[in-house]
Number of protein chains: 2
Amino acid sequence: MEALHLLKDLNLKSTSCRKEVLMIMLAKGHALSHSEIEKDVNPSIDRVTVYRTLKTFLDKGLIHKVLDDAGVTKYALCQGCRTDDHHHEHVHFKCSNCGQTICLDEIDIPPITLPAGFTSAEKNLLIQGVCDTCSAL
Amino acid sequence: MEALHLLKDLNLKSTSCRKEVLMIMLAKGHALSHSEIEKDVNPSIDRVTVYRTLKTFLDKGLIHKVLDDAGVTKYALCQGCRTDDHHHEHVHFKCSNCGQTICLDEIDIPPITLPAGFTSAEKNLLIQGVCDTCSAL
DNA sequence: CTGTGTGCAAACACTTTGCAGGTGT
DNA sequence: ACACCTGCAAAGTGTTTGCACACAG
């Protein structure tokens, strides 16, 4: 099972909460908010534990925060990054119809020329529109 | 006074809260969160009124929400857009040192080729790094 | 067995809503 | 005068913290 592997790789004890959260994120494939995750985990798991689990995953570089149009905090699995080496030049796409946010890892953010004196460390591009699933309806 | 003009243009009654919020945003020149605004207005003005004022300004297209690295909602004055005609192809820059977020209106977001089936309606690019003021220190 | 993770309770921050009274035009 | 704003109170939601117990390694 992939979730177990990921936890072991990061030296994290494999607890039921961590396994469930991870499996949900692997299964869904798009960015999830805390409340969306909470809906899907076993109801015996505490809301607080989910928060702490997400924070742990963030610290370990297993997931990353996703920009949403201001308001909700969403999380998605990182692709190639670990605690030290993050490459978050992400393009995120949020569908205004179904509300899903997905990572478009294959798309690069074009280089931007900043005004003098500005240094770029991280770029996040959020595109909003209609996704392939919804436009097919 | 510029604030009074803006309010009159939008058929909004010029109340002390609206004038103050607008003047603060004009003076600061960068994106502000609700709490930052609240700190600067006359303490007799209620927190709730500031929320409602921001919502009113949003509806009228006077200000727009700014993406922050997930968490805080910030607002900034719109440049050329009104209720109907919004052009929000914004580039926002957040300084990781001083925390300020500014709009780089003069920079265009390069065209992005989306996968088949995806339609783009709005693009937001958030760049994080060090701003000109901080890099000069 | 030991330290980390969890559940519960509670506190705190952010935002929205209802209502009665005040204010701009 | 009348509609629109505001202040206050309260509730809803999102998030964090402290502490005692449980559990994985």
Side-chain angles (χ1 to χ4, degrees), chain A residues 1 3-24 31-60 62-75 83 99 101, chain B residues 1 3-24 31-60 62-75 83 99 101:
Chain A
M1 196 177 287
L4 292 177
H5 259 264
L6 288 170
L7 290 175
K8 177 164 282 184
D9 285 352
L10 297 170
N11 293 315
L12 290 173
K13 292 183 181 174
S14 74
T15 65
S16 67
C17 178
R18 287 174 180 172
K19 278 184 286 187
E20 281 204 40
V21 171
L22 207 38
M23 282 171 53
I24 289 168
L32 297 169
S33 65
H34 171 272
S35 63
E36 289 170 321
I37 294 171
E38 202 197 335
K39 263 183 294 184
D40 279 12
V41 294
N42 187 309
S44 70
I45 294 179
D46 198 87
R47 190 187 290 103
V48 176
T49 305
V50 175
Y51 275 111
R52 286 193 270 226
T53 298
L54 289 172
K55 185 165 292 179
T56 304
F57 287 176
L58 268 182
D59 291 344
K60 291 290 185 177
L62 184 58
I63 61 178
H64 63 95
K65 283 194 179 185
V66 173
L67 290 186
D68 196 23
D69 58 321
V72 221
T73 307
K74 292 191 169 187
Y75 304 88
T83 317
T101 304
Chain B
M1 196 178 283
L4 293 178
H5 258 266
L6 288 170
L7 290 175
K8 178 164 282 182
D9 285 353
L10 297 171
N11 292 316
L12 290 173
K13 291 182 183 174
S14 74
T15 66
S16 68
C17 178
R18 288 175 179 170
K19 278 184 286 186
E20 280 203 41
V21 170
L22 207 40
M23 282 171 54
I24 290 167
L32 297 170
S33 66
H34 170 273
S35 64
E36 289 170 319
I37 294 172
E38 201 197 337
K39 261 184 296 184
D40 278 12
V41 294
N42 187 309
S44 70
I45 294 180
D46 198 86
R47 190 187 289 102
V48 176
T49 305
V50 175
Y51 275 112
R52 286 194 270 227
T53 298
L54 289 172
K55 185 164 291 179
T56 303
F57 286 176
L58 269 182
D59 290 344
K60 291 290 185 176
L62 185 58
I63 62 178
H64 63 95
K65 284 193 178 185
V66 173
L67 290 186
D68 196 23
D69 58 322
V72 221
T73 308
K74 291 190 171 187
Y75 304 87
T83 317
T101 304

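In what follows, chains are A, B, ... by sequence order, proteins preceding strands, each numbered from 1. Because the structure is a prediction, the values reported are computed rather than measured.
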May I ask you to test the [X]-[Y] pair for a side-chain heavy-atom distance under 4.5 Å?
{"X": "Phe57(B)", "Y": "Leu22(B)", "result": "yes"}
{"X": "Glu20(B)", "Y": "Thr53(B)", "result": "no"}
{"X": "Ile45(B)", "Y": "Val21(B)", "result": "no"}
{"X": "Tyr75(A)", "Y": "His64(A)", "result": "no"}
{"X": "Val41(B)", "Y": "Thr49(B)", "result": "no"}

Tell me: [atom1] of [X] to [atom2] of [N], nearest whole Å?
{"X": "Glu36(B)", "N": "dA13(C)", "atom1": "CD", "atom2": "P", "answer": "16 Å"}
{"X": "Lys8(A)", "N": "dT4(C)", "atom1": "NZ", "atom2": "P", "answer": "19 Å"}
{"X": "Asp59(A)", "N": "dT4(C)", "atom1": "CG", "atom2": "P", "answer": "14 Å"}
{"X": "Lys65(A)", "N": "dG14(D)", "atom1": "NZ", "atom2": "P", "answer": "15 Å"}
{"X": "Leu54(B)", "N": "dC5(D)", "atom1": "CG", "atom2": "P", "answer": "14 Å"}
{"X": "Lys74(A)", "N": "dG14(D)", "atom1": "NZ", "atom2": "P", "answer": "13 Å"}
{"X": "Asn11(B)", "N": "dC5(D)", "atom1": "CG", "atom2": "P", "answer": "11 Å"}
{"X": "Asp46(A)", "N": "dA10(C)", "atom1": "CG", "atom2": "P", "answer": "14 Å"}

Could you give the angle between the helix axes at the two ends of the helix from dC1(C)-dG25(D) to dT25(C)-dA1(D), with five pairs per end, rounded to 10 degrees?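 The value is 40°.
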
Separation between [atom1] of [X] and [atom2] of [Y], rounded to the nearest 0.5 Å:
{"X": "Ser35(B)", "Y": "Lys39(B)", "atom1": "OG", "atom2": "NZ", "result": "6.0 Å"}
{"X": "Asp68(A)", "Y": "Lys74(A)", "atom1": "CG", "atom2": "NZ", "result": "5.0 Å"}
{"X": "Leu62(B)", "Y": "Leu7(B)", "atom1": "CG", "atom2": "CG", "result": "7.5 Å"}

Using a cut-off of 4.0 Å on non-hydrogen atoms, how would the nucleic acid contact of Ser44(A) be classed: base, sugar-phosphate, or nothing?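 Contact class for Ser44(A): sugar-phosphate only.
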
What salt bridge (Lys or Arg N to Asp or Glu O under 4.0 Å) pairs are there with at least one residue in residues 43-53 of chain A, not counting sequence neighbours?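 Applying salt bridge (Lys or Arg N to Asp or Glu O under 4.0 Å) to every pair that reaches into residues 43-53 of chain A, excluding sequence neighbours, yields Glu38(A)-Arg47(A).
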
Taking protein heavy atoms under 4.0 Å as touching, what does nucleotides 15-25 of chain C look like 5' to 3' if B marks base contact, S marks sugar-phosphate-only contact and - marks none? BBBB-----BS

